[in-house]
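First comes the structure, then the notes that go with it.
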Amino acid sequence: MIAAVSLGFFGSIFALFGMKCTKVGGSDKAKAKIACLAGIVFILSGLCSMTGCSLYANKITTEFFDPLFIEQK
């Protein structure tokens, strides 16, 4: 989840530089590449988030159905 938040932050920065309305980033062709990079980083952020949530849900489900797990259910 920390990786997902970090990637989301950097994706937002890249998206900001890739906008056509900003002066930073160079030509339109360079801005298009930066915007595409921002999209890829956002997709990676989503995959990291989905992986973290799935692993946590798997842990909770495994502990719930384990008959030897003594903690409160």
Side-chain angles (χ1 to χ4, degrees):
M1 290 303 289
I2 294 171
V5 170
S6 299
L7 284 171
F9 173 75
F10 288 119
S12 298
I13 298 298
F14 290 145
L16 182 69
F17 288 138
M19 290 180 174
K20 288 185 177 182
C21 61
T22 58
K23 302 286 184 192
V24 182
S27 67
D28 285 341
K29 190 173 184 180
K31 285 184 179 274
K33 289 182 181 178
I34 293 172
C36 185
L37 176 69
I40 292 170
V41 171
F42 278 133
I43 290 171
L44 287 175
S45 173
L47 288 174
C48 286
S49 176
M50 189 170 52
T51 302
C53 290
S54 295
L55 288 174
Y56 187 66
N58 184 30
K59 178 186 169 199
I60 290 174
T61 307
T62 304
E63 288 176 356
F64 183 77
F65 289 114
D66 186 11
L68 301 176
F69 189 70
I70 301 173
E71 296 290 325
Q72 180 182 1
K73 291 187 179 182

By side chain to side chain contact (heavy atoms under 4.5 Å, CB included), which residues pair with S27, not counting sequence neighbours?
K29, A30
Which residues share a side chain to side chain contact (heavy atoms under 4.5 Å, CB included) with I13, sequence neighbours left out
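Scan of I13 (side chain to side chain contact (heavy atoms under 4.5 Å, CB included), adjacent residues dropped) gives F9, F17.
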Members sharing Y56's hydrophobic cluster, built from side-chain contacts under 4.5 Å between Ile, Leu, Val, Met, Phe, Trp and Tyr, are I60
Output the rest of the hydrophobic cluster of L16: all Ile, Leu, Val, Met, Phe, Trp and Tyr residues reachable through side-chain heavy-atom contacts under 4.5 Å, sorted by chain and number.
M19
To the nearest 0.5 Å, what is the distance between CG on L7 and CD1 on I2?
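If I round to the nearest 0.5 Å, the distance is 12.0 Å.
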Report, one line per pair, each donor and acceptor closer than 3.5 Å where one atom sits in a side chain of residues 37-45; sequence neighbours left out.
from, atom 1, to, atom 2, distance (Å)
S45, OG, A4, O, 2.7

Applying side chain to side chain donor-acceptor pair (under 3.5 Å), which residue pairs with at least one partner in residues 31-40 are found, sequence neighbours left out?
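For residues 31-40: T22-K31.
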A side-chain contact here means heavy atoms from C-beta on lying under 4.5 Å apart; do S49 and M1 qualify?
yes
